[in-house]
A.B. asks: 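Here you go, one structure.
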Protein chains: 2
Amino acid sequence: MSGSIRLLIADDEHLIRGALVALLNLEPDIEVVASADNGVTAVEQAIATVPDVCLLDLEMPHADGLEAAARILAAVPTRVVIVTRHARPGVLRRALASKVSGFVPKSTPAEDLAHVIRDVAAGRRYIDPEIAATALTAERCPLTDRELDALRFSRSTTSVQQIAERLHLAQGTVRNYLSSAMTKLDASSRHEAAEKAWQQGWI
Amino acid sequence: MSGSIRLLIADDEHLIRGALVALLNLEPDIEVVASADNGVTAVEQAIATVPDVCLLDLEMPHADGLEAAARILAAVPTRVVIVTRHARPGVLRRALASKVSGFVPKSTPAEDLAHVIRDVAAGRRYIDPEIAATALTAERCPLTDRELDALRFSRSTTSVQQIAERLHLAQGTVRNYLSSAMTKLDASSRHEAAEKAWQQGWI
DNA sequence: GCCGGACCATGACAAATGTCACTGGCCTAG
DNA sequence: CTAGGCCAGTGACATTTGTCATGGTCCGGC
């Protein structure tokens with residue numbers, strides 16, 4: 001009947017996914033109609049079942065929560081709530097840009113989650129106030145495009161040499177970008193700078 | 001009555017803890033009698049309630065799962081199951097050394113968890129076969145004590161200088177240990193080496 | 001037009017990091 | 001006892017990394 005909220009749950013950790021299904025199925029007005037362990041099958045299931053609300057973990061293999069959210073919202077008339085362990089300000093920004101309706105950290109009390117889902121199903125939005133506050137106080141990214149490029153690669157590759165090759169630049173240039181980024185982010189090594197930029201959700 | 005298993009749950013993420021409580025309370029023969037969000041209160045609760053089984057997350061603030069397990073087992077006649085996200089071989093070894101009865105990753109299917117708890121409550125042991133296999137095939141730590149010392153600090157401090165001061169050694173010596181560790185672990189920077197050692201549970 | 005500012009790009013230099021060859025102490029096997 | 005292996009510890013050397021000064025290009029404002 002019309003009062004029952006049809007829910008999709010996606011989380012790559014089987015134990016947590018199962019526990020969430022159990023928790024939310026206890027609510028009389030919520031019915032879990034699909035679950036997935038990665039972004040790609042989440043999209044498929046969403047298209048197949050057309051749930052009222054999709055609860056997506058941000059950290060998932062193949063396609064992360066944001067990508068899955070974008071694809072689902074483009075294909076199906078539904079609403080999306082993102083759940084995440086590390087709430088990075090920049091990610092919230094991007095999530096809102098792709099019309100996500102809810103954003104909660106995994107530190108949320110379990111009892112509150114059902115409230116959030118009901119709110120979102122009713123067409124309202126819910127953003128965790130803590131994350132919203134940090135996202136608003138956090139100044140915008142001070143890094144230039146090329147600095148971001150260099151930092152991105154610097155997370156995966158070992159040497160400046162390799163980064164330079166990928167970007168088709170001289171080694172000195174790359175070092176320069178990284179150095180500049182380090183100054184702006186007040187870091188003392190490029191790994192630290194990359195880490196900080198990642199925590200802010202800038203890369 | 002005698003068939004009901006009294007359970008303690010400790011996990012620092014509120015959402016997951018709540019969901020696990022809901023999931024396991026659904027089992028007719030399991031009763032969750034305590035829950036905690038860090039290692040220290042887990043120990044306190046265990047002493048206060050004397051549960052049959054304690055389900056401890058490995059990654060927790062204040063005292064991690066292993067430390068909490070050791071303290072609980074020293075104080076109360078109970079059994080411990082460790083749950084973890086990253087199953088590192090060395091950690092399993094240490095867990096077994098401190099008489100833990102169960103060890104499961106968070107990728108375990110939710111339905112299996114109740115089985116594990118029943119097994120452990122009945123005095124049996126349960127080790128995730130996947131982790132057990134890697135722990136057995138993984139060769140023993142090839143690093144020397146001082147190399148491990150250096151690597152430990154290298155995770156938190158930035159410069160060799162600082163590590164040298166903490167260990168009361170010359171910079172060259174520290175570099176040497178790190179270099180040696182890097183060779184043994186086939187890493188190309190000390191951060192990578194520290195990371196690998198950590199993943200193996202050696203530090 | 002042309003000036004100032006922001007970004008891209010480079011090479012030279014200094015400081016750090018990683019490699020190597022070496023010494024000395026301790027233990028064990030022969 | 002002593003030769004050889006293993007580990008702690010060190011300094012010299014080459015490579016990598018981070019900093020700096022500089023030049024070029026594109027843009028918006030005066």
Side-chain angles (χ1 to χ4, degrees), chain A residues 89-90 93-94 138-203, chain B residues 89-90 93-94 138-203:
Chain A
R93 216 182 287 274
R94 269 182 281 166
E139 69 271 43
R140 196 149 203 81
C141 171
L143 301 171
T144 166
D145 287 354
R146 295 306 249 169
E147 284 163 5
L148 288 173
D149 285 342
L151 278 182
R152 240 185 298 277
F153 282 112
S154 143
R155 273 176 62 82
S156 53
T157 64
T158 319
S159 71
V160 172
Q161 176 72 53
Q162 291 174 29
I163 304 173
E165 282 173 15
R166 305 258 179 143
L167 294 176
H168 305 291
L169 289 174
Q171 297 190 29
T173 310
V174 173
R175 280 204 297 273
N176 192 264
Y177 292 148
L178 292 174
S179 176
S180 164
M182 285 161 58
T183 308
K184 287 177 183 171
L185 299 180
D186 189 29
S188 57
S189 81
R190 77 191 125 107
H191 292 101
E192 192 182 332
E195 182 60 25
K196 286 194 178 183
W198 185 85
Q199 282 185 353
Q200 293 290 324
W202 290 333
I203 55 177
Chain B
R93 215 182 288 273
R94 270 182 279 165
E139 69 272 41
R140 194 148 203 82
C141 173
L143 301 170
T144 165
D145 288 353
R146 296 306 250 169
E147 285 163 4
L148 288 172
D149 286 341
L151 277 182
R152 241 185 298 278
F153 282 112
S154 142
R155 274 175 61 82
S156 53
T157 65
T158 318
S159 70
V160 172
Q161 175 73 54
Q162 291 173 30
I163 303 173
E165 283 173 14
R166 305 257 178 142
L167 293 176
H168 306 290
L169 289 175
Q171 297 189 28
T173 309
V174 173
R175 281 205 295 273
N176 192 262
Y177 292 148
L178 292 174
S179 177
S180 164
M182 285 161 58
T183 308
K184 288 177 182 170
L185 299 180
D186 189 29
S188 58
S189 81
R190 76 191 125 107
H191 292 101
E192 193 182 332
E195 181 61 24
K196 285 193 177 184
W198 185 86
Q199 281 184 353
Q200 293 290 323
W202 290 333
I203 54 176

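Keep in mind that the numbers below use all heavy atoms, side chains included, and drop hydrogens, waters and symmetry copies. To find a chain, count down the sequence lines: A is the first, B the second, and so on, and within it residues start at 1.
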A.B. asks: What is the distance, to the nearest angstrom, from the CG atom on B:L151 to the P atom on C:dG18?
C.D. replies: 11 Å
A.B. asks: Is the backbone of A:S159 close enough, under 3.5 Å, to the side chain of A:Q162 for a donor and an acceptor to pair up by distance?
C.D. replies: no
A.B. asks: To the nearest Å, how far apart are B:R190 CZ and C:dT19 P?
C.D. replies: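 One finds 12 Å between P of C:dT19 and CZ of B:R190, rounded.
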A.B. asks: Do side-chain atoms of B:R94 reach the backbone of B:G201 as a donor and acceptor pair under 3.5 angstrom?
C.D. replies: yes
A.B. asks: Does a distance-only test, which skips hydrogens and angles, find a donor-acceptor pair under 3.5 Å between the side chain of A:N176 and the base of C:dT10?
C.D. replies: yes
A.B. asks: Given atom CG of A:L148 and atom C1' of C:dC8, what is their separation to the nearest angstrom?
C.D. replies: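 Going from A:L148 (CG) to C:dC8 (C1'), I get 14 Å.
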A.B. asks: Heavy atoms under 4.0 Å, any strand shown: does A:S188 hit a base, just sugar-phosphate, or nothing?
C.D. replies: nothing
A.B. asks: If I compare all heavy atoms of A:A187 with all of A:A193, which pair ends up nearest, and what's the gap?
C.D. replies: CB-N, 3.5 Å
A.B. asks: How many Å lie between NE2 on A:H168 and C1' on C:dC8, as a whole number?
C.D. replies: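 After rounding, the reported distance stands at 16 Å.
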A.B. asks: Extract all donor-acceptor atom pairs below 3.5 Å that involve side chains of residues 166-178 of chain A and protein atoms in other chains or at least two apart in sequence.
C.D. replies:
unit_1: A:Q171; atom_1: NE2; unit_2: A:Q161; atom_2: OE1; d: 2.3

A.B. asks: Looking at B:R175, I'd like to know whether one of its side-chain N or O atoms comes within less than 4.0 Å of OP1 or OP2 on C:dT19.
C.D. replies: no
A.B. asks: To check you understand the geometry: which heavy-atom pair defines the closest contact between A:L143 and A:K184, and what is its length?
C.D. replies: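 What the structure gives for the nearest pair is CD2-CD, 3.8 Å.
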A.B. asks: Check whether any side-chain N or O of B:T144 sits under 3.5 Å from a backbone N or O of B:E147 as a donor-acceptor pair, and report yes or no.
C.D. replies: no
A.B. asks: Could you tell me how far apart A:H191 (NE2) and D:dT16 (C1') are, to the nearest whole angstrom?
C.D. replies: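 It is 12 Å, rounded to the nearest whole Å.
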A.B. asks: Pull out every protein N or O sitting under 3.5 Å from an N or O of nucleotides 6-8 of chain D, one pair per line with the distance.
C.D. replies:
unit_1: D:dC7; atom_1: O3'; unit_2: B:T144; atom_2: OG1; d: 3.4
unit_1: D:dA8; atom_1: OP1; unit_2: B:T144; atom_2: OG1; d: 2.9
unit_1: D:dA8; atom_1: OP2; unit_2: B:T144; atom_2: OG1; d: 2.6

A.B. asks: Quantify the bending of the helix from C:dG1-D:dC30 to C:dG30-D:dC1 as the angle between its end axes, each fitted on five pairs, to 10°.
C.D. replies: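 The two end axes of the helix from C:dG1-D:dC30 to C:dG30-D:dC1 meet at 10°.
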A.B. asks: Could you report the tightest heavy-atom contact between A:P89 and A:Q199, atom names first, then the distance?
C.D. replies: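 For A:P89 and A:Q199, the tightest heavy-atom pair comes out as CD-O, 3.8 Å.
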A.B. asks: Between atom CG in B:L185 and atom P in C:dG18, what is the gap in whole Å?
C.D. replies: 13 Å
A.B. asks: Can you measure A:Q171 atom CD to C:dC13 atom P for me and round it to whole angstrom units?
C.D. replies: 17 Å
A.B. asks: Give me the atom names and distance for the closest heavy-atom approach of B:L151 to B:A197.
C.D. replies: CD1-CB, 3.9 Å
A.B. asks: Report which part of the nucleic acid B:T183 touches: base, sugar-phosphate, or nothing (heavy-atom distance under 4.0 Å, all strands).
C.D. replies: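 Result for B:T183 = nothing.
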A.B. asks: Figure out the CG/P separation between B:L178 and D:dT10, and round it to whole Å.
C.D. replies: 14 Å
A.B. asks: Kindly indicate whether the side chain of A:V160, heavy atoms from C-beta on, has any atom under 4.5 Å from the side chain of A:R190.
C.D. replies: yes
